[in-house]
Amino acid sequence: MAGEPQADCLFCKIVAKEVPATVVRETETTLAFRDINPQAPTHVLVIPKVHHPDAASLAAAEPEIAGDVLREAGEVAAAEQADSYRIVFNTGSGAGQTVFHAHAHVLAGRGLQWPPG
C-alpha cells in the first residue's frame with residue numbers, strides 16, 4: 001500500500017536503518033544518501049521516507065512531500081557546491097527505474113549531455 005513501508009523495498013529498509021547507506025542529509029520527511037553505483041562525481045539519491053512506487057504517485061498522494069524531495073535535492077546540490085546539476089526522476093523500468101520507491105537523482109561534477117540517456 002502506498003505510504004506504508006514495504007518489507008521488500010530496499011529504500012524502505014534504508015529509511016528503517018536496516019540497510020546501511022552513506023547519508024548526506026536527513027529531514028523529517030526525506031533522506032538523502034550517496035548512490036552505490038554513481039554516474040557522476042556527485043550522485044545522491046533523495047527519497048521520501050514514506051513509500052510510493054514512483055514520483056507521479058508521490059506527487060498525486062502527497063504533494064507536500066514531493067515538494068520536500070525537490071527542495072532537498074536543491075539543498076544537496078548546494079551542500080555539494082554544485083553550481084550546475086541535474087535532478088532526475090525515473091518512472092518505470094523502461095525509463096531506468098530499478099528501485100520502485102520514489103526517488104530523485106542529484107547528478108553533478110561532470111558535463112551532462114543533452115538529450116540524456
Side-chain angles (χ1 to χ4, degrees):
M1 172 183 226
E4 297 295 322
Q6 303 295 301
D8 62 343
C9 175
L10 173 63
F11 290 174
C12 287
K13 290 177 182 179
I14 290 173
V15 169
K17 310 289 192 239
E18 296 169 4
V19 171
T22 305
V23 174
V24 297
R25 288 184 62 85
E26 184 170 7
T27 71
E28 183 178 320
T29 59
T30 66
L31 186 68
F33 54 92
R34 300 213 181 272
D35 194 298
I36 61 169
N37 184 26
Q39 302 299 304
T42 295
H43 189 169
V44 175
L45 303 178
V46 181
I47 67 170
K49 289 184 175 179
V50 294
H51 182 88
H52 290 278
D54 56 49
S57 71
L58 172 65
E62 304 193 59
E64 302 83 11
I65 295 176
D68 293 345
V69 169
L70 192 54
R71 185 174 27 265
E72 280 304 304
E75 292 295 331
V76 164
E80 296 285 322
Q81 300 178 328
D83 57 353
S84 296
Y85 59 95
R86 184 172 289 164
I87 301 170
V88 176
F89 292 90
N90 298 324
T91 300
S93 57
Q97 186 178 8
T98 58
V99 178
F100 292 88
H101 181 120
H103 59 283
H105 297 258
V106 179
L107 301 153
R110 69 168 174 81
L112 299 168
Q113 303 300 310
W114 194 261

Using the rule given for side chain to side chain contact (heavy atoms under 4.5 Å, CB included), can you reason through His51 versus Val15, listing the C-alpha separation, both sets of side-chain angles and the distance that settles it, and then say yes or no? CA-CA 10 Å; His51 182 88; Val15 169; over 6 Å; no

Is the closest side-chain heavy-atom distance between [X] and [Y] below 4.5 Å?
X	Y	value
Asp68	Glu28	no
Val46	His103	no
Lys49	Thr29	no

Indicate every side-chain donor-acceptor pair of residues 32-41 with a distance under 3.5 Å to a residue at least two apart or in another chain.
residue	atom	partner	partner atom	Å
Arg34	NH1	Glu80	OE2	3.4
Arg34	NH2	Glu80	OE2	2.7
Asp35	OD1	Asn37	N	2.7
Asp35	OD2	His43	NE2	3.3
Gln39	NE2	Asn37	O	3.0

Please determine whether residues [X] and [Y] belong to a single hydrophobic cluster, defined as Ile, Leu, Val, Met, Phe, Trp and Tyr linked transitively by side-chain heavy-atom distances below 4.5 Å.
X	Y	result
Leu107	Val69	no
Ile47	Phe100	no
Val99	Phe89	no
Phe11	Ile87	no
Val88	Val44	no

Give the minimum heavy-atom separation between [X] and [Y], together with the two atoms involved.
X	Y	result
Ala102	Ala55	CB-N, 3.8 Å
His52	Ala61	CE1-CB, 3.5 Å
Pro5	Cys12	CA-SG, 3.8 Å
Arg25	Val76	CD-CG2, 3.7 Å
Ala108	Ala82	CB-CB, 3.5 Å

Polar side-chain atom of Glu62 near backbone of Ala60 as donor-acceptor pair, under 3.5 Å: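 No; zero donor-acceptor contacts below 3.5 Å.
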
Distance from [X] atom [atom1] to [Y] atom [atom2], nearest 0.5 Å?
X	Y	atom1	atom2	result
Gln113	Arg86	CD	CZ	8.5 Å
Asp54	His101	CG	NE2	11.0 Å
Leu70	Glu75	CG	CD	11.0 Å

So, using salt bridge (charged side-chain N to carboxylate O under 4.0 Å, His left out) as the criterion, who are the partners of Arg110 when residues are at least two apart?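 Salt bridge (charged side-chain N to carboxylate O under 4.0 Å, His left out) list for Arg110, sorted by chain: empty.
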
Name all pairs fulfilling the ring pair (Phe, Tyr, Trp, His ring centres under 6.0 Å) condition that reach into residues 66-87, sequence neighbours left out, sorted by first residue then second. none

